[in-house]
Every structure is written in C-alpha cells, then in structure tokens.
Number of protein chains: 2
Amino acid sequence: MDDKPIPDIIIGRLPIYLLALQHFIKEGRQVTSSKELGERLGISPAQIRKDLSQFGEFGKQGTGYDIPFLLEQLRLILKVDRVWDIAVVGVGDIGHAVAGYQGFADRGFRVKLLFDKDPAKIGEQVGNFVVQDSANLVEVIKEAGIKVAMIAVPASEAQAVAQQLVQAGVKAILNYAPINLNLPSEVHVQYIDPLLHLQRMSYYLI
Amino acid sequence: MDDKPIPDIIIGRLPIYLLALQHFIKEGRQVTSSKELGERLGISPAQIRKDLSQFGEFGKQGTGYDIPFLLEQLRLILKVDRVWDIAVVGVGDIGHAVAGYQGFADRGFRVKLLFDKDPAKIGEQVGNFVVQDSANLVEVIKEAGIKVAMIAVPASEAQAVAQQLVQAGVKAILNYAPINLNLPSEVHVQYIDPLLHLQRMSYYLI
DNA sequence: TAGATTGTTAATCGATTAACAATC
DNA sequence: TAGATTGTTAATCGATTAACAATC
C-alpha cells in the first residue's frame with residue numbers, strides 16, 4: 001500500500017537532526033521540542049514534525065521528544081546503529097586528513113582501507129593503515145565486503161576509480177574530486193567541493 | 001520593477017555549470033548545448049536553460065552556447081572574475097589541507113591568513129603562511145579587509161569564532177565544524193561535514 | 001484543569017518540466 | 001531550406017507552512 005519512498009530531501013535533514021540531538025545529549029538535556037530544535041537549526045517546527053512523522057510517532061503532545069529515544073530511532077532509520085567500513089582512494093592531503101580523523105567511529109563509519117597508485121606511497125604507513133596499490137582495489141574491496149568509499153584522487157582519474165569501486169560492489173561514494181560522476185542509478189554519490197560552496201557565496205558579496 | 005531576487009537554489013547550480021565548462025575548455029571544446037551539459041551533469045536541459053535565462057541570453061538558437069563566452073559570463077555573475085582572500089581559523093588536519101591546496105586561485109579564491117589559538121602552533125610556518133594568534137583575529141582580518149573565512153576549529157569553539165569573524169567584517173563563512181551557526185542573516189554560511197553526507201547515503205544501504 | 005505540543009490535513013508556495021514559437 | 005536549439009510560457013509536480021483537533 002503505502003510504499004511511496006521517502007523524499008531524499010527529508011533523508012538529507014535527518015543527519016542534521018541527529019547531530020543536534022547529540023549536542024543536546026552532551027549538554028545533559030533529556031527532552032526537546034520541534035520548536036526548540038527548529039530554532040537551533042533554522043528550520044520550521046512544522047517541517048521537523050512532518051519529517052519525523054514519515055517514520056513514526058516519536059513525540060508526546062504537550063511534552064515534546066525524549067532526546068535519547070529520538071536519537072536512537074534516527075540512528076536506526078539512517079542505519080548508523082552499526083559501523084560501516086570505508087575504503088579511501090587517493091592519499092593526498094584529503095586522504096591523509098580523513099585517515100587521521102577520529103570523529104567517524106561514533107557516528108557510524110570507520111576508515112578501513114587506503115589506496116593509492118603512486119609507487120612512492122604504496123606500502124607507506126598512514127595513521128593505522130598501510131597504503132595499498134590501487135591496482136588491487138577491486139579484489140581487495142570485494143574481499144572485504146566494503147560498501148562505502150571515498151574518492152580523493154585528481155578529477156582526471158575520478159570517473160575511472162568510481163567505476164572500479166562500483167565493480168567492487170561499492171554502493172555509496174563520497175567524492176572529493178571536482179567532477180560529476182556518471183554511475184548506475186543504484187549507486188549513491190555525494191559530492192564535497194569547497195570551491196562550489198565558496199563560489200555560491202561570493203555571488204552575494206559586495 | 002523586476003527586482004525579485006534570484007532563488008538561491010539557482011545560484012547554487014551556477015558553480016556546477018562553471019566547473020563543467022572549465023572541463024570542456026580543457027578538452028578543447030568551443031560550443032555546447034543545454035542537452036549536452038544536462039547529460040554530463042544529470043540535470044534537465046530545460047532547467048539549465050531556465051537557470052541561465054535569469055541572467056541574460058547567452059545562447060544561440062540552433063547552435064547552443066559558446067563555451068568561453070558563457071564561462072566568462074558565469075564568472076562575472078558569481079563574482080569570481082576576481083580573487084577573494086580567505087582567512088582560515090584552526091590549523092588542524094583540515095586547516096593544513098586547505099592551506100596547502102593549490103586549486104583555489106584559478107577559481108576565484110586564495111588563502112591569505114591562518115589563525116590558531118594553540119601557542120604551540122602560533123608562529124609555525126604552514127605552506128607559505130605563518131600561523132597567527134586567534135586572539136588578534138578581529139583586528140588583523142579587519143585591517144586586511146577580508147570578507148571570506150573558513151572555520152576549521154572544534155565544534156565547541158565554532159560559534160564563538162564565527163561571531164568574531166562577523167565582528168571583523170566577514171560576510172561569507174565556510175564552516176567545517178559539525179555544528180549549526182546562528183549568525184545575522186546578512187552573513188552567508190555554508191557547511192561541509194562528510195559525516196552528514198555519509199549518513200544520508202547509509203539510509204539507502206542494504 | 002490549563003497550557004503546551006504533537007501529528008496531520010489543507011492551503012500555499014516554489015521549483016521543475018513539457019512544449020513550442022522564434023530563429024540561427 | 002531543413003534541422004537544431006534557444007528562451008519562455010503554461011502546466012505539473014513537489015515541498016513548505018499554517019492551522020487545529022487530539023491529548024499529554
């Protein structure tokens with residue numbers, strides 16, 4: 001019956017709610033409301049209630065939302081109640097920063113494999129990992145059963161790397177290369193490019 | 001008369017068009033069409049034409065768009081026909097990666113100042129810069145007339161840093177700290193948080 | 001009980017797409 | 001001329017907001 005998929009724009013706001021709830025937890029808070037959350041995030045209370053109502057009834061009239069309960073529900077919905085292993089391709093500045101970043105684990109992710117094609121980098125120790133040869137990427141990732149990857153190679157190589165990742169069974173890609181990837185529609189791709197954000201803002205300057 | 005502001009969602013797509021055109025240029029291409037651009041970017045041709053038509057008539061019926069001309073127009077619209085100096089606050093992994101990144105300059109931006117509050121880092125040489133004391137942030141940025149900044153400090157410090165930046169006259173902030181900033185509405189803020197992207201994609205996994 | 005806040009419906013608002021005359 | 005593609009209008013689609021009965 002009701003198997004209309006939830007709009008992706010709603011899915012995109014859930015991690016923002018999750019993050020805010022984690023801050024509330026740190027502050028020792030127990031209960032919040034759509035009004036309070038909305039003020040904190042610059043989102044209307046109606047929208048927050050509508051978003052959450054797609055997944056169930058998590059609040060209580062007159063009171064609001066129990067923070068630890070809602071947090072747990074969002075973790076379940078977003079499937080970050082478990083830890084996803086990540087493969088990182090490209091060990092430049094970004095690859096290094098990501099490999100050393102400690103904040104992933106308690107939010108559902110963990111870097112597990114590092115690849116580069118530069119012979120000077122292969123075998124190098126970065127954080128807790130040894131950089132592996134990109135040439136073996138497909139079999140190593142397939143063997144490890146990894147579903148999530150980050151691309152941090154130059155734009156000129158990103159499309160080819162992405163296709164190998166798909167071949168290896170990766171279903172979600174976070175792409176730091178400044179180029180649009182054309183991949184099968186069942187593979188999810190997100191882009192991170194600081195320049196895009198900066199250029200968007202400079203429109204409004206002066 | 002016609003002074004309705006252009007929707008921000010359109011502004012947000014212009015840098016994507018610009019990037020694609022730069023790739024075309026590299027490939028030695030001279031002319032493109034909304035159809036071709038759309039296929040490359042996964043955006044409908046109608047939307048691309050509609051977006052561009054907000055700013056003028058840049059194409060030619062039957063032919064399409066002259067790439068160097070459209071590129072130049074987009075650079076003018078986005079105000080990246082000049083170079084904007086950037087102040088970076090927080091010299092951890094991200095601050096380092098940003099300071100060393102070479103790709104900004106030809107896309108309208110240039111890192112100019114680096115700040116940190118850690119005495120061990122102040123005075124340190126990073127890339128071509130000497131890390132300065134965050135305590136002097138307001139006066140140094142004001143003196144330099146800088147309007148664009150990046151925040152790469154821990155979440156707990158980000159709001160305070162942001163307020164100082166605003167005080168210093170900064171009008172556009174790219175925030176790497178995983179927290180929502182509450183600032184005057186005339187200040188533009190964009191967020192970069194890889195975890196938000198990853199959590200959004202993990203919803204679709206399995 | 002009185003006050004607060006939810007979940008949901010209906011109304012509004014805004015963005016996307018389809019279609020086509022104009023024209024290179 | 002014939003074919004291609006623009007810029008734009010109108011139609012469609014989807015997202016946001018306002019409002020309120022239900023109820024803690």
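Quick note on labels: first sequence line is chain A, next is B, and so on, each numbered from 1.
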Between D:dA4 (P) and B:Glu36 (CD): distance, integer Å: 15 Å
OP1 or OP2 of C:dT17 under 4.0 Å from side-chain N/O of B:Ser44: yes
Polar contact flag, side-chain donor to acceptor under 3.5 angstrom, A:Tyr203-B:Asp8: no
Phosphate-side-chain proximity, B:Gln47 and C:dT16, N/O vs OP1/OP2 below 4.0 Å: yes
Donor + acceptor pair across side chains of B:Asn182, B:Gln159 (<3.5 Å): no
First of A:Arg49 and B:Leu52 reached from the 5' end of DNA chain D, by closest nucleotide: B:Leu52
Distance test, side-chain N/O of A:Ser34 to OP1/OP2 of C:dT6, below 4.0 Å: yes
Side-chain N or O of A:Tyr65 closer than 4.0 Å to phosphate OP1/OP2 of D:dC24: no
Value in whole Å for how far the C1' atom of C:dT6 lies from CG of A:Leu37: 13 Å
Basic-acidic side-chain contact under 4.0 Å: B:Asp81, B:Arg75: no
Proximal nucleotide (of C:dT8, D:dA15, D:dG7) relative to the A:Ile9 side chain: D:dA15
Nearest-Å distance for atom pair CD/P, residues B:Glu39 and D:dT5: 11 Å
Electrostatic pair B:Glu57:B:Arg49 at N-O distance under 4.0 angstrom: no
Rounded distance (Å) that lies between atom P of C:dC20 and atom CD of B:Gln61: 17 Å
Protein-nucleotide distance (B:Asp51, atom CG; D:dT6, atom P), rounded to Å: 13 Å
Rounded distance in Å - CD1 (A:Ile67) to P (C:dT6): 12 Å
Criterion side-chain contact (heavy atoms from CB on, under 4.5 Å) against B:Asp116, the qualifying member of B:Val89, B:Val91, B:Asp133: B:Val91
Strand partner of D:dA4, provided both Watson-Crick or wobble distances fall under 3.5 Å: C:dT23
Presence of B:Arg13 side-chain N/O under 4.0 Å of C:dA15 phosphate oxygens OP1/OP2: no
A:Lys60 NZ - C:dT8 P separation (whole Å): 17 Å
Residue matched to D:dA18 through Watson-Crick or wobble contacts both under 3.5 angstrom: C:dT9
Nearest-Å distance for atom pair CD/P, residues B:Gln54 and D:dG7: 12 Å
Pairwise 5' ranking along DNA chain D for B:Ser33 and A:Pro7, keeping only the more 5' one: B:Ser33
Sugar-phosphate, base or nothing in reach of B:Lys50, heavy atoms under 4.0 Å: base
